[in-house]
Amino acid sequence: PQKQYIISGIQKFDNDVAVISIEAPPVLYIGENSINVTIANVGSTDADAALNLRSIRTSYYGSEEYGERTLVSNIPISLLTGEQKTVQVNFIIDGNIRGSTDYLKLAPELILVGDENKANNQLKSDPIKIIAEYDAGVYLTIEDYLFIINESNTVTIAIENQGTKTISNI
């Protein structure tokens, strides 16, 4: 049977690690990125664990998730009893995106063999927009939506560079 303790009204296990928080940037870029993940050993014994970071393709609002979670980083972690630390997790986003409509959620998970309380091992970020190097958006503005036969109407087309590199010859 597993040992558990009640300390100040909080249940405590021998083997228990937790993901406390995620500090993610407002946008991610194709290529190298990083986030900070705060983790802790909330158990009563020292722990050797693995911090996995998975990415999940999602909608703007985050209500829909697409495809499998992709492992983008794996870091071995040692935590003393009661220790809490913030770990910088570096990862790469490949160029296989659909332009400015792609968003990701990041899901760090702390894996400990024999963890007796897995409910606190994972968090998910809010949806984060992915920005590509080359990404142009086209916007159409119409002054009057009523088009009468044989009359003209003013239409404005704007092209916006939403990427990170200069675009020419559009």
Side-chain angles (χ1 to χ4, degrees), residues 17-40 42 49-79 83-112 115 118-170:
V17 293
V19 175
I20 305 299
S21 67
I22 306 167
E23 218 178 291
V27 295
L28 298 170
Y29 297 94
I30 298 298
E32 294 183 21
N33 294 273
S34 69
I35 65 168
N36 291 324
V37 179
T38 301
I39 58 175
V42 294
L51 178 59
N52 289 341
L53 179 64
R54 296 186 187 277
S55 66
I56 310 155
R57 301 264 183 215
T58 186
S59 63
Y60 172 78
Y61 295 105
S63 55
E64 297 179 43
E65 295 179 357
Y66 311 111
E68 297 294 316
R69 294 176 178 212
T70 304
L71 181 66
V72 293
S73 184
N74 174 279
I75 302 171
I77 299 290
S78 291
L79 293 165
E83 182 180 11
Q84 178 174 311
K85 65 170 115 176
T86 299
V87 178
Q88 181 175 331
V89 181
N90 299 313
F91 60 99
I92 294 175
I93 295 176
D94 65 28
N96 186 23
I97 68 164
R98 297 184 308 265
S100 62
T101 60
D102 257 11
Y103 289 80
L104 282 182
K105 285 183 185 177
L106 298 173
E109 180 179 21
L110 205 49
I111 308 292
L112 172 67
D115 193 325
K118 295 183 180 178
N120 59 1
N121 289 18
Q122 179 178 312
L123 290 176
K124 278 188 201 175
S125 71
D126 290 332
I128 305 168
K129 183 176 181 175
I130 301 171
I131 297 193
E133 291 178 336
Y134 299 101
D135 187 7
V138 178
Y139 302 94
L140 182 68
T141 306
I142 302 170
E143 288 182 17
D144 183 0
Y145 285 94
L146 180 61
F147 281 85
I148 300 173
I149 297 171
N150 296 323
E151 289 189 20
S152 356
N153 198 349
T154 303
V155 175
T156 305
I157 297 174
I159 300 173
E160 180 182 326
N161 182 354
Q162 299 173 335
T164 61
K165 294 205 172 176
T166 301
I167 301 174
S168 61
N169 298 325
I170 296 179

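The basis for the numbers below is simple: all heavy atoms, side chains too, and nothing from hydrogens, waters or symmetry mates.
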Would you give the length of the straight line joining atom [atom1] of [X] to atom [atom2] of [Y], rounded to the nearest 0.5 angstrom?
X      : Y      : atom1 : atom2 : value
Ser125 : Ile56  : OG    : CD1   : 7.5 Å
Phe91  : Leu71  : CZ    : CG    : 12.0 Å
Ile167 : Ile159 : CD1   : CD1   : 9.0 Å
Tyr60  : Asp126 : OH    : CG    : 10.5 Å
Ile131 : Lys129 : CD1   : NZ    : 5.5 Å
Ile130 : Leu104 : CD1   : CG    : 3.5 Å

Kindly give the heavy-atom pair with the smallest separation between [X] and [Y], and that separation in Å.
X      : Y      : answer
Tyr61  : Pro127 : C-CG, 3.8 Å
Pro26  : Ile128 : O-CG2, 3.6 Å
Leu106 : Ser55  : CD2-CB, 4.1 Å
Gln122 : Ala107 : NE2-CB, 4.2 Å

If we ignore hydrogens and angles and just use 3.5 Å, is the side chain of Thr58 paired with the main-chain N or O of Glu64 as donor and acceptor?
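Answer holds: yes.
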Carefully, step by step, assess Leu110 and Leu112 under the rule side chain to side chain contact (heavy atoms under 4.5 Å, CB included).
CA-CA 7 Å; Leu110 205 49; Leu112 172 67; over 6 Å; no
Only counting residues at least two apart or in another chain, list the ones meeting side chain to side chain donor-acceptor pair (under 3.5 Å) with [X].
X      : result
Tyr139 : Gln162
Ser21  : Thr38
Asn120 : Asp16

Can you see whether Gln88 engages Asn90 through a side-chain donor-acceptor pair at a distance of less than 3.5 angstrom?
yes
With side chain to side chain contact (heavy atoms under 4.5 Å, CB included) as the criterion, how do Val17 and Ile39 come out once you've worked through the C-alpha distance, each side chain's angles and the decisive distance to 0.1 Å?
CA-CA 7 Å; Val17 293; Ile39 58 175; over 6 Å; no
Exercise answer: donor-acceptor pairs, residues 29-36 side-chain atoms, under 3.5 Å, sequence neighbours excluded:
from	atom 1	to	atom 2	distance (Å)
Asn33	OD1	Tyr29	N	2.9
Asn33	ND2	Tyr29	O	2.7
Asn33	ND2	Gly31	O	3.0

Quick check: are there more than 12 heavy atoms from other residues, nucleotides or ligands sitting under 6.0 Å from CD1 of Ile157?
no
Check this for me: Lys85, atom NZ, are more than 12 non-hydrogen atoms of other residues, nucleotides or ligands nearer than 6.0 Å?
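Yes, NZ of Lys85 has more than 12 neighbouring heavy atoms, counting only those of other groups under 6.0 Å.
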Ile111: which of Leu51, Asn121, Asn52, Asn74 passes side-chain contact (heavy atoms from CB on, under 4.5 Å):
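So the option named by the test is Asn52.
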Can you tell me which residue pairs pass the salt bridge (Lys or Arg N to Asp or Glu O under 4.0 Å) test with a partner in residues 157-170, sequence neighbours excluded?
Glu133-Lys165
4.5 Å side-chain heavy-atom contact, Val19 and Glu109
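SC-SC contact between Val19 and Glu109 ruled out.
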Any residue meeting salt bridge (charged side-chain N to carboxylate O under 4.0 Å, His left out) with Glu65, in chain and number order, not counting sequence neighbours:
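Listed in chain order: Lys105, Lys124.
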